[in-house]
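Down below is the structure, laid out as structure tokens.
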Number of protein chains: 2
Amino acid sequence: MLKLGKLTDYATVLLAAMAAEPERLHAALELSGRTSVAAPTVAKLLKQLQKGGLVQSARGAHGGYRLARAPGLVTVADVIRALEGPIAVTDCAVHDGGCAIEVGCAARAPFRLINAAVTQALEAVTLADMAASLSATPRRPAEVPLTEVPILFHPANSRPTSQVRAHVRRR
Amino acid sequence: MLKLGKLTDYATVLLAAMAAEPERLHAALELSGRTSVAAPTVAKLLKQLQKGGLVQSARGAHGGYRLARAPGLVTVADVIRALEGPIAVTDCAVHDGGCAIEVGCAARAPFRLINAAVTQALEAVTLADMAASLSATPRRPAEVPLTEVPILFHPANSRPTSQVRAHVRRR
DNA sequence: CGTAAAGAAGACCAAAGCAGTCCGGTTTTC
DNA sequence: GAAAACCGGACTGCTTTGGTCTTCTTTACG
């Protein structure tokens with residue numbers, strides 16, 4: 001499984017929809033209509049995303065939400081962190097202590113490695129990529145042309161978002 | 001969080017412990033003692049791992065469990081699959097249909113990409129790596145020397161376990 | 001200045017998944 | 001035949017998650 005929550009999934013869809021028109025204000029209800037996500041859920045999610053600093057809100061009539069940063073600077077990892085907290089494949093991969101085994105645990109170091117790699121993968125995809133894949137020529141899913149994305153893995157550097165980027169090649 | 005269950009974590013620890021002596025039979029109770037995982041839980045996990053084909057069992061007195069494959073051929077991804085089913089960051093990343101959005105969903109293709117990358121990372125670490133890191137010179141966690149592991153990302157090839165391997169460099 | 005359109009905040013609930021335990025049965029060794 | 005193991009479940013309590021509802025505040029516009 002290793003699943004992330006549905007809400008996180010929805011949030012990504014919402015943000016991707018917003019990324020198509022980054023400047024405009026998007027009302028929660030309008031986004032609900034465009035994405036088929038239930039209205040109360042959209043409202044809840046956008047509030048959480050605002051708390052997480054990913055979107056800005058404008059209150060009152062003709063209010064709505066807008067991306068706080070350019071689509072290319074918002075990664076999937078950011079979305080997950082805003083909704084589910086820090087990315088941690090296992091508890092011991094992030095915060096020390098609390099584990100009975102801890103010292104001499106064979107799995108600890110490898111899990112940290114894995115956690116870094118997973119984080120890396122999540123930081124490599126931005127809303128801009130999603131917005132682009134939306135307007136691309138529709139194709140059968142199986143041949144969606146995202147291929148051969150070399151990911152440089154560098155656990156020491158935990159925030160390589162801007163330098164190390166996935167190159168999404170489409171033919 | 002993107003967390004995997006505690007049981008999966010425990011299972012990895014158990015298997016790593018077994019990987020230290022791959023030939024020997026390990027009784028559930030004995031493994032419990034060595035890993036500080038509660039005995040009934042160990043029993044439950046080993047049963048599931050057997051069903052998943054990761055360990056072989058020998059019944060009767062002096063019975064126990066043994067790795068079904070060489071430690072270098074068992075990856076963390078295998079463990080997760082045995083206990084939690086297929087690796088799927090989101091539902092739509094794996095099985096088609098059932099999603100209201102589906103067609104024209106901006107998040108779908110990128111999530112597949114991410115899912116492949118995550119799988120890749122999980123396939124890159126084997127029990128042998130863990131057993132090695134266990135017997136390595138103990139160091140402060142912060143400077144655990146797992147660094148610079150280039151991961152070749154190739155979604156088309158979903159089972160690159162044996163070719164593409166993480167190079168765990170230690171100084 | 002009043003009304004309508006929006007977001008803010010949080011309480012609330014139902015359902016599902018997860019962790020953990022326990023039991024009775026079977027197989028093998030000594 | 002008794003003890004040491006694994007086998008196959010059932011079962012339960014708990015936490016998390018998804019989703020809805022209500023009430024309040026803010027702003028635009030006629």
Side-chain angles (χ1 to χ4, degrees), chain A residues 1-14 18 24-33 35-68 80 82-85 88 90-91 98-100, chain B residues 1-14 18 24-33 35-68 80 82-85 88 90-91 98-100:
Chain A
M1 293 272 187
L2 196 78
K3 215 179 302 186
L4 33 79
K6 281 186 203 169
L7 292 182
T8 307
D9 192 357
Y10 295 161
T12 311
V13 173
L14 291 177
M18 294 173 73
R24 232 189 70 208
L25 276 175
H26 304 263
L29 227 154
E30 177 230 330
L31 279 174
S32 168
T35 58
S36 317
V37 178
T41 304
V42 173
K44 182 183 191 175
L45 281 172
L46 288 172
K47 274 182 279 186
Q48 279 187 263
L49 290 172
Q50 199 250 4
K51 222 174 288 180
L54 294 190
V55 300
Q56 292 172 337
S57 68
R59 304 178 63 155
H62 301 102
Y65 293 91
R66 188 200 332 253
L67 290 182
I80 296 175
L83 293 180
E84 310 189 11
T90 64
D91 291 337
C99 174
Chain B
M1 292 274 188
L2 198 78
K3 214 181 302 187
L4 33 80
K6 280 186 204 170
L7 292 182
T8 308
D9 191 357
Y10 296 160
T12 311
V13 173
L14 291 177
M18 293 172 75
R24 231 189 71 208
L25 277 175
H26 305 262
L29 226 154
E30 177 231 329
L31 279 174
S32 168
T35 57
S36 317
V37 178
T41 304
V42 173
K44 181 184 191 173
L45 282 172
L46 288 172
K47 275 182 279 187
Q48 279 188 263
L49 291 172
Q50 199 252 1
K51 220 173 290 181
L54 294 190
V55 301
Q56 292 173 338
S57 67
R59 304 178 65 155
H62 300 101
Y65 293 92
R66 189 201 332 253
L67 291 182
I80 296 176
L83 293 180
E84 311 190 10
T90 64
D91 290 337
C99 174

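The shown structure was predicted, so the numbers you read here are calculated from the model rather than taken from an experiment. So you know, we letter chains A, B, ... as the sequences are listed, proteins then strands, and number each from 1.
For the pair B:Leu25 CG and D:dC6 C1', the interatomic distance rounds to 12 Å; values are reported in whole Å. Atom P of nucleotide D:dT16 and atom NZ of B:Lys3 are separated by 8 Å, given to the nearest angstrom. When rounded to the nearest whole Å, the span between CG of A:Asp9 and P of D:dG19 equals 11 Å. Atom pair A:Leu45:CG and D:dG19:C1' shows a separation of 10 Å (rounding to whole Å applied). Rounded to an integer number of Å, the gap from OH of A:Tyr10 to P of D:dT17 is 15 Å. Here the P atom of nucleotide C:dA6 and the NE2 atom of A:His26 are 14 Å apart, to the nearest Å. If you measure from atom CD of A:Gln56 to atom P of C:dA8, you get 12 Å, rounded to the nearest angstrom. In this structure, A:Asp91 atom CG and D:dT16 atom P are separated by 11 Å, rounded to whole Å.
The shortest distance between side-chain heavy atoms of A:Leu31 and A:Leu46 falls below 4.5 Å. In this structure the side chain of B:Lys44 reaches within 4.5 angstrom of the side chain of B:Gln48, judged on heavy atoms. Counting heavy atoms from C-beta outward, A:Met18 and A:Leu49 have side chains that stay 4.5 Å or more apart.
Judged by distance alone, with hydrogens and angles left aside, the side-chain atoms of B:Glu84 form no donor-acceptor pair with the main-chain N or O of B:Thr8 at under 3.5 Å.
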Exercise. Start with the C-alpha distance between A:Glu30 and A:Tyr65, add both sets of side-chain angles, then the distance that settles side-chain contact (heavy atoms from CB on, under 4.5 Å), and finish with yes or no.
Key: CA-CA 11 Å; A:Glu30 177 230 330; A:Tyr65 293 91; over 6 Å; no

With 3.5 Å as the limit, what N/O pairs link the protein to nucleotides 13-18 of chain C?
none

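Scanning all heavy atoms of the two residues, the minimum distance from B:Ala28 to B:Val42 falls at O-CG1, 3.4 Å. Smallest separation of non-hydrogen atoms from A:Ala38 and A:Ser32: C-OG, 3.9 Å.
Residue B:Gln50 is the one, among B:Gln50 and A:Leu4, whose nearest nucleotide of DNA chain D lies closer to the 5' end (criterion: closest heavy atom).
Atom CG of residue A:Leu83 and atom CG of residue A:Leu54 lie 8.0 Å apart, to the nearest 0.5 angstrom. Taking OG1 of A:Thr12 as the reference point, atom CG of A:Leu7 lies at 10.5 Å (rounded to 0.5 Å). Atom CG in A:Leu2 sits 4.5 Å away from atom CG in B:Leu2 (nearest 0.5 Å).
Using a 4.0 Å heavy-atom cutoff across all strands shown, A:Ala43 reaches no nucleic acid atom at all.
A salt bridge links A:Asp91 to B:Lys3: at least one charged side-chain nitrogen sits closer than 4.0 Å to a carboxylate oxygen.
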Exercise. Assign a letter to each nucleotide of nucleotides 21-30 of chain C from its 5' end: B, base within under 4.0 Å of a protein heavy atom; S, sugar-phosphate only; -, no contact.
Key: B---BBBBSS

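Terminal axes of the helix from C:dC1-D:dG30 to C:dC30-D:dG1 (five pairs each, C1' rotation axis) are separated by 10°, to the nearest 10°.
At the phosphate of D:dC7, OP1 or OP2 sits under 4.0 Å from a side-chain N or O atom of B:Tyr65.
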